[in-house]
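Not measured: the values here are computed from a predicted model. Protein chains get the first letters and strands the later ones, always in sequence-line order, with residue 1 at the start of each.
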Number of protein chains: 2
Amino acid sequence: MATDRESVLLAAVGLLSRQPTAAMDELARAAGISRATLHRLFPGREALIHEIGALALARMEAALDAATIDEGDPVAAVRRLADALIPHAQLVAFISGESRLFDDDAINDAWDRVDARVAALFLRGQQSGAFRIELPASWLSEAFFDLLAGVGWAVQDGRLAHRESNRALTELFLGGAVRRDQPGSAD
Amino acid sequence: MATDRESVLLAAVGLLSRQPTAAMDELARAAGISRATLHRLFPGREALIHEIGALALARMEAALDAATIDEGDPVAAVRRLADALIPHAQLVAFISGESRLFDDDAINDAWDRVDARVAALFLRGQQSGAFRIELPASWLSEAFFDLLAGVGWAVQDGRLAHRESNRALTELFLGGAVRRDQPGSAD
DNA sequence: ATCAACTGAGACAGTTCTGTCTCATGAGAA
DNA sequence: TTCTCATGAGACAGAACTGTCTCAGTTGAT
């Protein structure tokens, strides 16, 4: 059925994120193809994981481009970023959990690049007075990805409706859990 | 060296969280013991994982007890909870990533119990007006654990100093990223 | 010094996974 | 229809992992 490489990769992510030790057999079945075809598409488990990483980072970089996060109000930029990244939250969740076990330099470089771009957004926001300066920009960046991954899990497991995911992410990340009376920026 | 069961479990967590497919061979080496001794301590990989889950949840329940989160100001309770849980952030990170693949009902029940207690704290805070009501308490609970796990990764990888971890977690979670002039509650 | 208990190293068979191969089937193009 | 091409099913050997066992060395207590 799903013969194109991308849908196979996405199916693999769906299984691997829940069952990291899944065998090629199961990965093939999850994608609806045979083990032979899976091997024809990807010469080995390592290559499969590697391409998942490449796909995830390509989509993240594209999302960053589309969100134009280096322009305009930083808060609005974060909302655009969430919009652009949430469709790929599952991939992000996989990557951020697995990113340290990639040997490939190209993958690690791409990840650092993505992380740096997001951190630059928060640094810019801190310098413009939009974001709090008590927390390092690198931590804001990491926390954003942590929550994005969390949203991905929650949606995948049905604990969070897809259409609520953006609000859940941005409202908590931007505004925190503590109630405050006057809105810093309305929806 | 590390003959007691707990240090073996903690060493295993340290490796497994980075390399979920690690073999018993590598797990033994990570704990500084031989494969034979590892098998003497835990009859098989499944038992090992199972005991990690049991240890993690036991520590989390103990932390919840110690933090007395069902008393007093909800914001202060969250700070106490962070204090009590951060020492076990690595275990929490492992559990929250791996929790769905536990077959054991006892583990799942304990996890649900922990999650319910934390969610109850947030619900209480919402009812008392301390926390925002726009976000479901269950999501606040999940996001708190996501960020706790993220802090665990960041500390383990040296991206965050241990003594800053509490502030990083609670400030972001409670106050969000957006700057606001008047403090909702001081430290 | 002697003994008991524990440990590491290594060997071992059994199982599982992997990567490759062949062959038959089915879909689609000419 | 006929041909081509991709696929699935299955077989296969090799590798890796697992769980168990034996044996020798070390530690610590008596």
Side-chain angles (χ1 to χ4, degrees), chain A residues 1-56 90-91 94-95 97-104 106-107, chain B residues 1-56 91 94-95 97-107:
Chain A
M1 171 69 66
T3 318
D4 55 304
R5 303 170 65 85
E6 277 203 8
S7 19
V8 174
L9 290 176
L10 292 178
V13 169
L15 182 55
L16 281 174
S17 53
R18 297 296 164 199
Q19 203 169 332
T21 65
M24 297 293 275
D25 188 9
E26 307 171 89
L27 293 173
R29 222 175 307 131
I33 62 178
S34 73
R35 203 163 64 91
T37 303
L38 180 60
H39 272 284
R40 279 191 270 260
L41 290 173
F42 308 98
R45 182 198 188 79
E46 200 174 347
L48 178 69
I49 304 273
H50 180 274
E51 288 217 30
I52 291 176
L55 174 65
Q90 210 172 133
L91 278 171
F94 181 79
I95 276 288
E98 223 87 342
S99 66
R100 284 90 184 174
L101 63 88
F102 280 108
D103 292 342
D104 194 314
I107 301 269
Chain B
M1 172 67 68
T3 318
D4 55 303
R5 301 169 66 86
E6 276 203 8
S7 18
V8 174
L9 290 177
L10 293 178
V13 169
L15 182 55
L16 281 174
S17 52
R18 297 295 165 198
Q19 203 169 331
T21 65
M24 296 294 274
D25 188 9
E26 307 171 89
L27 294 174
R29 220 175 310 131
I33 62 177
S34 73
R35 203 163 64 91
T37 303
L38 181 61
H39 271 284
R40 283 182 199 116
L41 291 172
F42 308 98
R45 183 198 187 78
E46 199 175 348
L48 177 69
I49 305 273
H50 181 274
E51 288 218 28
I52 290 175
L55 174 65
L91 278 170
F94 181 79
I95 276 288
E98 222 86 343
S99 66
R100 285 90 183 172
L101 63 87
F102 280 107
D103 293 341
D104 194 315
D105 285 338
I107 301 270

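Of the listed nucleotides (D:dG8, D:dT20, C:dT18), D:dT20 has the atom at the smallest distance from the side chain of B:H39. The side chain of A:A36 sits closest to D:dG8 out of D:dG8, C:dC17, C:dA9. Taking only side-chain atoms of B:R35, from C-beta outward, the nucleotide of D:dT22, D:dG8, D:dT18 with the closest atom is D:dT18.
Two residues are said to be in side-chain contact when any heavy atoms from C-beta on lie closer than 4.5 Å; A:L91 and A:I52 meet this criterion. A 4.5 Å side-chain heavy-atom check between A:L16 and A:I49 finds at least one atom pair inside the cut-off.
What separates CG of A:D25 from P of D:dA11 is a distance of 14 Å, to the nearest Å. Residue B:L38 contributes atom CG, which lies 10 Å from atom P of D:dT18 at whole-angstrom precision. To the nearest angstrom, P of D:dT7 lies 11 Å from CG of A:D4. Rounded to whole Å, the distance from CG on B:L27 to P on D:dC17 is 11 Å. Between the CE atom of B:M24 and the P atom of C:dG8 there is a distance of 14 Å, rounded to whole Å. In this structure, A:R45 places its CZ atom 13 Å from C1' of C:dT16, rounding to the nearest Å. The CG-C1' distance, from A:L41 to D:dG8, rounds to 13 Å in whole Å. Remark: P of C:dC17 and CD of A:Q19 are 11 Å apart, rounded to the nearest angstrom.
Comparing B:R40 and B:E46, the nucleotide of DNA chain D nearest to each residue sits closer to the 5' end for B:E46.
Of the inter-residue distances, the one linking A:L48 atom CG with A:E51 atom CD reads 8.0 Å to the nearest 0.5 angstrom. Separation of atoms NE2 (B:H39) and CD1 (B:I33) is listed at 10.0 Å; rounding is to 0.5 Å.
Contact between the side-chain N/O atoms of A:S34 and the OP1/OP2 oxygens of D:dA9 is not found at any separation under 4.0 Å.
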